[in-house]
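Written out below as structure tokens is the structure these notes cover.
Below, chain A is the first sequence line, B the second, and so on; all start at residue 1. All values derive from a computational prediction rather than experimental measurement.
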2 protein chains.
Amino acid sequence: MQLKELSERTGITPASIKYYLREGLLPPGEAVHATRASYTERHIKRLQIIQALRHIVHLNIEQIRGILAMADDGAPRLAVLAQVQRVVLDLAVDDGDVTRTRAGDAVVRLRNWPDADSDARDALNRHIAVMESLGITLPMDLLDAYSRAVDGVAGFDLDLTAASTSTDDAILTAAVGMHMHSQLMLKMLALAQASHAIRRFDSPT
Amino acid sequence: MQLKELSERTGITPASIKYYLREGLLPPGEAVHATRASYTERHIKRLQIIQALRHIVHLNIEQIRGILAMADDGAPRLAVLAQVQRVVLDLAVDDGDVTRTRAGDAVVRLRNWPDADSDARDALNRHIAVMESLGITLPMDLLDAYSRAVDGVAGFDLDLTAASTSTDDAILTAAVGMHMHSQLMLKMLALAQASHAIRRFDSPT
DNA sequence: CCTCTAAGATAGAGCCACTATCCAATGAAT
DNA sequence: ATTCATTGGATAGTGGCTCTATCTTAGAGG
């Protein structure tokens, strides 16, 4: 198919598609000749992934390019997914001068996780430290409950990504899944807080 | 104190402070006379809140104004905190045409939460529906584990916000707390996934 | 031959959160 | 008394980001 059809089938304007081509997010179509290119179903899928990463997960163009470039360079799937994690966790965040805790390490031991991925563990340690420095204490039994919940879902998510036929699919599943779980937590927390507030202030039993 | 000192003590440029004044995020200082105004500690605190809501929670100016305007209008603290929730949950999100589930209601029953806040419950129902529509299934025992974890922290957070001496403090605690918990979940999930992946692919026991 | 569409290049638009400049007014410092 | 610093108020400009539009050249199919 050519550009126009690609645009119609994805709902993305030709101008935007050209932009994504320029930015290297979308691989060029096969050049039939100098002024005609042909695109495939893979391009449609790729555009859907770009849309999801942009507008659901809220990544910027550069972050998306970094992930997709790895995939296009034929990097092993696990490496690509590690990159997805790194970007979604936003490891570039500057935590400043908080004194680290080792609470994350404790979680790893508690859950009996193999502690190889130091990126994610460091991110967790840093994050817990930041929360503590903000006066949000995290007792071990809370970390226990969180990690237990997350332990269950991780195996399942892994099945999902492993079942993905293409690396592109795996990227989408992983990124959207992480984001959605985090948002789910936000919504549950809100509901829990609202419920507790009602119980505490509205019913002086 | 006057503007210059306010700027020095918060590290925010006078130009930005004027901008926040213009946008109605920061109440004007008490006018000593036509060309001199005096600011108080409250203004310092307010600026810190604005910074946190902007750069940690990533709210935009309009969202911040909506929240702070309620506080300045003397709205009851619970109403202001409900607004904080609404904004952080981003209820404006357009979920489109997913068929709702009642899984959120089930969670409410399971946890024995009083089901008065329909905003948060609707948000949860919608979110679960969106996840299901994306192929992310959420078995009841996962929702059980999530909600159990969150149930514990909600009471504690409520203590924190209740202990806040000012509504401004309560806003800060609530907004930053919600955001931080959600990010914590993201980081734990990443670590769990990494651990599962290692266990599955690196040790073919 | 005429029209459609392509690639490629470049420029412009629109939003957002600042940031800078200019002004008249005015108390404070010397 | 005069100079200086600073204010409120107004207005305009900047920089980053994601598109969006225009223009050119060129080939293909009807």
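A donor-acceptor contact under 3.5 Å links the side chain of A/R22 to the base of D/dT20.
Using a 4.0 Å cut-off, some side-chain N or O of A/S16 falls inside it from OP1 or OP2 of D/dT20.
Distance B/L47 CG to C/dC18 P: 12 Å, rounded to the nearest Å. The interatomic distance linking B/L3 (CG) with D/dA5 (C1') rounds to 13 Å, in whole Å. Remark: P of D/dA10 and CD of B/E23 are 13 Å apart, rounded to the nearest angstrom. In this structure, A/I50 atom CD1 and D/dC19 atom P are separated by 10 Å, rounded to whole Å. One interatomic measurement links the two molecules: CD of B/E62 to P of C/dC15, which rounds to 13 Å at whole-angstrom precision. Note: OH (B/Y20) to P (C/dC16) measures 15 Å, nearest angstrom. Remark: P of D/dC17 and CZ of A/R65 are 11 Å apart, rounded to the nearest angstrom. When rounded to the nearest whole Å, the span between CD1 of B/I12 and P of C/dA17 equals 15 Å.
Between B/R36 and B/Q51, the residue whose closest nucleotide on DNA chain C is further toward the 5' end is B/Q51. Residues B/A37 and A/H55 both approach DNA chain D. Their nearest nucleotides, taken by heavy-atom distance, put B/A37 toward the 5′ side. Both A/H33 and A/Y19 lie close to DNA chain D; mapped to their nearest nucleotides by heavy-atom distance, the more 5′-ward contact belongs to A/Y19.
Looking only at atom types and distance, the side chain of B/D151 has a donor-acceptor partner in the side chain of A/H196 under 3.5 Å away.
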From CA spacing to verdict: side-chain contact (heavy atoms from CB on, under 4.5 Å), B/H179, B/V88: CA-CA 8 Å; B/H179 182 260; B/V88 174; 5.5 Å; no
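Comparing C/dT19, D/dT7, C/dA17 by their closest approach to the side chain of B/Q2 singles out D/dT7. Comparing C/dT19, D/dG27, D/dT20 against the side chain of B/A15 picks out C/dT19 as the nearest. In the set D/dG8, C/dA7, C/dA11, C/dA7 carries the atom at the smallest distance from any side-chain atom of A/Y39.
Side chains of A/Y20 and A/I61 form a contact here, defined as non-hydrogen atoms less than 4.5 Å apart. Residues A/M1 and A/E41 meet the side-chain proximity criterion, which asks for heavy atoms closer than 4.5 Å.
The residue A/I61 sits close only to the backbone: its heavy atoms come under 4.0 Å of sugar-phosphate atoms, none of a base. Counting any heavy atom pair closer than 4.0 Å across all strands shown, A/R54 reaches sugar-phosphate atoms only and no base atom. At a threshold of 4.0 angstrom between heavy atoms, the contacts of A/K18 include nucleobase atoms, whether or not backbone atoms are also involved.
Between A/Y146 and the options A/V150, A/L142, A/D144, a side chain to side chain contact (heavy atoms under 4.5 Å, CB included) holds for only A/L142.
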